[in-house]
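Here the structure is laid out as structure tokens; the discussion comes afterwards.
In listed order, ligands and their atoms are each counted from 1. Positions are given from 1 along the sequence. Side-chain atoms are counted along with the backbone in the values below, which use heavy atoms only and exclude waters and symmetry mates.
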Amino acid sequence: MNEYIKKLAVLSEAGSRVIIGLMSGTSLDGLDVALCRFQGSGKNTKTQLLHFRTISYSSAFKQELKSISFKASVDLEKVTLLNAYVGNYHAELILQCLKEWAYPVEQVDLIASHGQTIFHAPFSKHHLKPYSNATLQIGDGDHMAVKTGIITISDFRQKHIAAGGEGAPLAVYGDYLVFSDQQENRILLNIGGIANFTFLPAGKGPEQVFSTDVGPGNTMMDQFVQLHYPGLAYDENAALASAGHVNQWLLEVLLKEPFFDLPFPKTTGPELFNMEYLDRAISYSGQKSISNEDVLATLCEFTAEGISQAIKRTLARDQEFVIYMSGGGMHNPLLVQKIGQKLNVPLRDTKELDIDPDAKEAVLFALLANECVTGGRLDFGNRPGLPSVLMGKISLPA
Ligand SMILES: Nc1ncnc2c1ncn2[C@@H]1O[C@H](COP(=O)(O)OP(=O)(O)OP(=O)(O)O)[C@@H](O)[C@H]1O
Ligand SMILES: CC(=O)N[C@H]1[C@@H]2OC[C@@H](O2)[C@@H](O)[C@@H]1O[C@H](C)C(=O)O
């Protein structure tokens with residue numbers, strides 16, 4: 001028997017597993033590396049975050065990724081080269097982290113790698129028959145397994161699509177295990193490039209929970225800052241947006257996108273919410289001489305409105321709930337203030353539930369790998385977009 005198949009079999013029944021979760025999102029800003037220990041599986045999972053680090057990408061590397069991301073036409077040679085390169089590079093970053101943490105490589109059981117999304121194509125966006133939902137993450141798992149000697153589970157989104165989902169968001173598959181509660185209705189709001197949330201009504205089983213993308217998180221604001229303020233990656237502490245005023249005409253046009261009316265669960269990405277989208281909205285609204293600060297203030301309002309409307313739509317009238325945030329957008333004070341005002345609730349973050357909010361998505365992929373090897377399938381019921389599947393492809397080091 002292949003020694004690694006044997007190892008997997010033993011691992012699946014072991015008392016605990018050490019798994020490195022990796023996430024690098026649509027902001028293309030860096031790689032989140034979370035070293036986790038899991039005991040059990042399914043609702044009996046105990047999750048412990050041992051170490052966490054975000055490693056920023058160099059601006060040259062960001063540019064390379066940007067050149068092949070979220071556009072219908074890109075350099076296919078570059079895509080091919082980067083698929084192998086990203087796998088190798090992420091493996092190097094793992095080895096670097098383990099060295100820093102003085103954690104022996106041999107004691108890591110699995111790598112759970114999200115990869116880098118370069119295009120996300122739900123049918124609701126492309127409408128191209130006979131094609132269905134599709135998504136593409138690069139950073140091949142075989143390269144990671146061979147370079148690190150660690151069994152690697154990757155490419156989680158394909159199984160979700162194969163079984164009827166849109167490939168995202170996958171958050172509910174982890175959030176339900178870690179964060180659901182008997183007493184409290186919880187919304188787990190992640191504000192990354194794209195914002196999504198998981199709805200966990202108190203005391204309800206998997207057939208009552210879901211997660212959905214809601215629209216832009218930081219992506220529109222980030223793209224605008226990168227285009228108009230060379231050298232800046234984002235509007236730090238919303239300094240620029242705070243100096244501007246919301247333009248109601250532009251806001252109205254921005255909110256007219258049909259994506260906002262689609263039923264949950266749904267997904268989107270920078271393929272839709274990008275600078276062409278903004279340019280079109282500016283043009284339709286007739287606000288061509290709007291200042292950069294006013295555009296940013298309006299984009300911040302637009303983002304907060306998209307998130308708040310989606311959450312309001314989910315909850316029954318007067319239903320009490322608590323929001324726990326994660327993702328880089330929770331560090332944007334203006335955005336958070338606007339969401340809090342619109343929903344009239346205090347915003348907490350997942351630290352209060354013992355998970356570092358910046359690490360949450362990397363921990364999610366480690367959890368998915370734990371489920372993949374232990375076989376702890378959840379039954380989400382017969383609901384469109386939420387297949388009851390275990391996800392991930394297994395790459396062996398030899
Ligand atoms: N101090 C801050 N002020 C304003 N914005 C901030 C601050 N810190 C982080 N951000 C925002 O968070 C972004 C990074 O978010 P994050 O790393 O969660 O994105 P991501 O991993 O690409 O997300 P996803 O995978 O969910 O798309 C930054 O680009 C910026 O917009
Ligand atoms: C295709 C893709 O990479 N989607 C990401 C992205 O980042 C946020 C949002 O858009 C979400 O749908 C998803 O990631 C999280 C981790 C998810 O699947 O739950």
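For atom 25 (O) of ligand 1, the nearest non-hydrogen atom of the protein is Gly25 CA, 2.9 Å. Closest to atom 29 (O) of ligand 1, if we only count protein heavy atoms, is Asp222 OD2, 2.5 Å. Among all non-hydrogen protein atoms, the one lying nearest atom 16 (C) of ligand 2 is Glu361 OE2, 3.2 Å. Nearest non-hydrogen protein atom to atom 7 (C) of ligand 1 is Tyr234 CE1, 3.3 Å. Scanning all protein heavy atoms for the shortest distance to atom 1 (N) of ligand 1 gives Asn237 OD1, 3.1 Å. The shortest contact between atom 4 (C) of ligand 1 and any protein heavy atom is with Asp235 O, 3.3 Å. Shortest contact from atom 19 (O) of ligand 1 to any protein heavy atom: Ser27 OG, 2.9 Å. Residue, atom and distance of the protein heavy atom nearest to atom 8 (N) of ligand 1 are His331 CB, 3.4 Å. From the protein, the heavy atom lying nearest to atom 3 (O) of ligand 2 is Thr117 OG1, 2.6 Å. Counting protein heavy atoms only, atom 1 (C) of ligand 2 is closest to His120 ND1, 3.3 Å. Regarding atom 6 (C) of ligand 2, its nearest protein heavy-atom neighbour is Thr26 CG2, 4.1 Å. The shortest contact between atom 27 (O) of ligand 1 and any protein heavy atom is with Thr26 OG1, 2.5 Å. If you check which protein heavy atom lies closest to atom 17 (C) of ligand 2, you get Leu170 N, 3.3 Å.
Residues Phe61 and Tyr89 place their aromatic rings such that the two centres sit under 6.0 Å apart. For Tyr85 and His143, the ring centers sit 6.0 Å or farther from each other. Taking the centre of each ring, His228 and Phe224 come in below the 6.0 Å mark.
Of all atoms in ligand 2, listed by their number and element, those nearer than 4.0 Å to a heavy atom of Ala171 are 17 (C), 19 (O). Residue contact check: Asp29 has heavy atoms under 4.0 Å from atoms 14 (C), 17 (O) of ligand 1. Here is the list of ligand 1 atoms found below 4.0 Å of a heavy atom in Asn190: 26 (O). Set against the non-hydrogen atoms of Gly329, the atoms of ligand 1 under 4.0 Å away are 12 (O). For ligand 1 and Glu361, the ligand atoms under 4.0 Å from any heavy atom of the residue are 24 (P), 25 (O), 26 (O). Residue-ligand proximity, Gly327 to ligand 1, at heavy-atom distances under 4.0 Å covers atoms 18 (O). Listed by number with element, the atoms of ligand 2 under 4.0 angstrom from any heavy atom of Asn196 are 8 (C), 9 (C), 11 (C), 15 (C), 19 (O).
The pair Lys342-Glu305 meets the salt-bridge criterion, with a side-chain N (NZ, NE, NH1 or NH2) lying under 4.0 Å from an Asp/Glu carboxylate O. Using a 4.0 Å cut-off between charged side-chain N and carboxylate O, Lys266 and Glu166 make no salt bridge. A salt bridge is defined here as a Lys NZ or Arg NE, NH1 or NH2 lying under 4.0 Å from an Asp or Glu carboxylate O, and Glu271 with Lys125 fails to meet this definition. Under 4.0 Å is where a charged nitrogen must lie from a carboxylate oxygen, and between Asp32 and Arg53 no such pair does. Contact check on Lys393 versus Asp155 returns a salt bridge, with a Lys/Arg side-chain nitrogen under 4.0 Å from an Asp/Glu carboxylate oxygen.
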Determine, stepwise, if the pair Phe264 / Phe199 fulfils ring pair (Phe, Tyr, Trp, His ring centres under 6.0 Å). CA-CA 11 Å; Phe264 302 142; Phe199 180 50; 9.6 Å; no
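With Pro169, Pro270, Gly192 as candidates, the residue nearest to atom 26 (O) of ligand 1 on a non-hydrogen basis is Gly192. Of the listed residues (Ala362, Gly193, Gly328), the one carrying the non-hydrogen atom nearest atom 12 (O) of ligand 1 is Gly328. When the heavy atoms of Gln137, Arg157, His114, Lys266 are ranked by distance to atom 14 (O) of ligand 2, first place goes to Arg157.
Nearest heavy atoms, Gly141 versus Ser395: C-OG, 3.3 Å.
Side chain to side chain, Gln137 and Thr135 meet the donor-acceptor criterion of an N or O pair below 3.5 Å.
Shown here is Tyr229, whose OH atom has more than 12 heavy atoms of other residues, nucleotides or ligands within 6.0 Å. Atom CG of Asn344 has 12 or fewer heavy atoms from other residues, nucleotides or ligands within 6.0 Å. Atom NE2 of His126 is surrounded by more than 12 heavy atoms from other residues, nucleotides or ligands within 6.0 Å. Within a 6.0 Å sphere centred on CG of Asn382, heavy atoms belonging to other residues, nucleotides or ligands number 12 at most.
Residue contacts with ligand 2, taken as heavy atom pairs separated by less than 4.0 Å, involve Ile194 via backbone and side-chain atoms alike. Residue-level proximity to ligand 1 for Ile194 is carried by the backbone, the only part with a heavy atom below 4.0 angstrom.
Scanning for ring-ring contact (aromatic ring centres under 6.0 Å, His included) contacts around His114 gives Phe365, with sequence neighbours left out.
Met23 counts as a contact of ligand 1, since one of its heavy atoms falls under 4.0 Å from the ligand. The closest approach between a heavy atom of Ala233 and any atom of ligand 1 is not below 4.0 Å. Using a non-hydrogen distance threshold of 4.0 Å, Thr267 does not register as a contact of ligand 2.
Close N/O approach between Asp213 and ligand 2 is found [any backbone or side-chain N/O within under 3.5 Å]. Taking distance alone, with nitrogen or oxygen atoms compared against 3.5 Å, Glu236 stays at or beyond that limit from ligand 1.
Among pairs with a residue in residues 290-324, those fulfilling ring-ring contact (aromatic ring centres under 6.0 Å, His included) read Phe260-Phe302, at least two apart in sequence or across chains.
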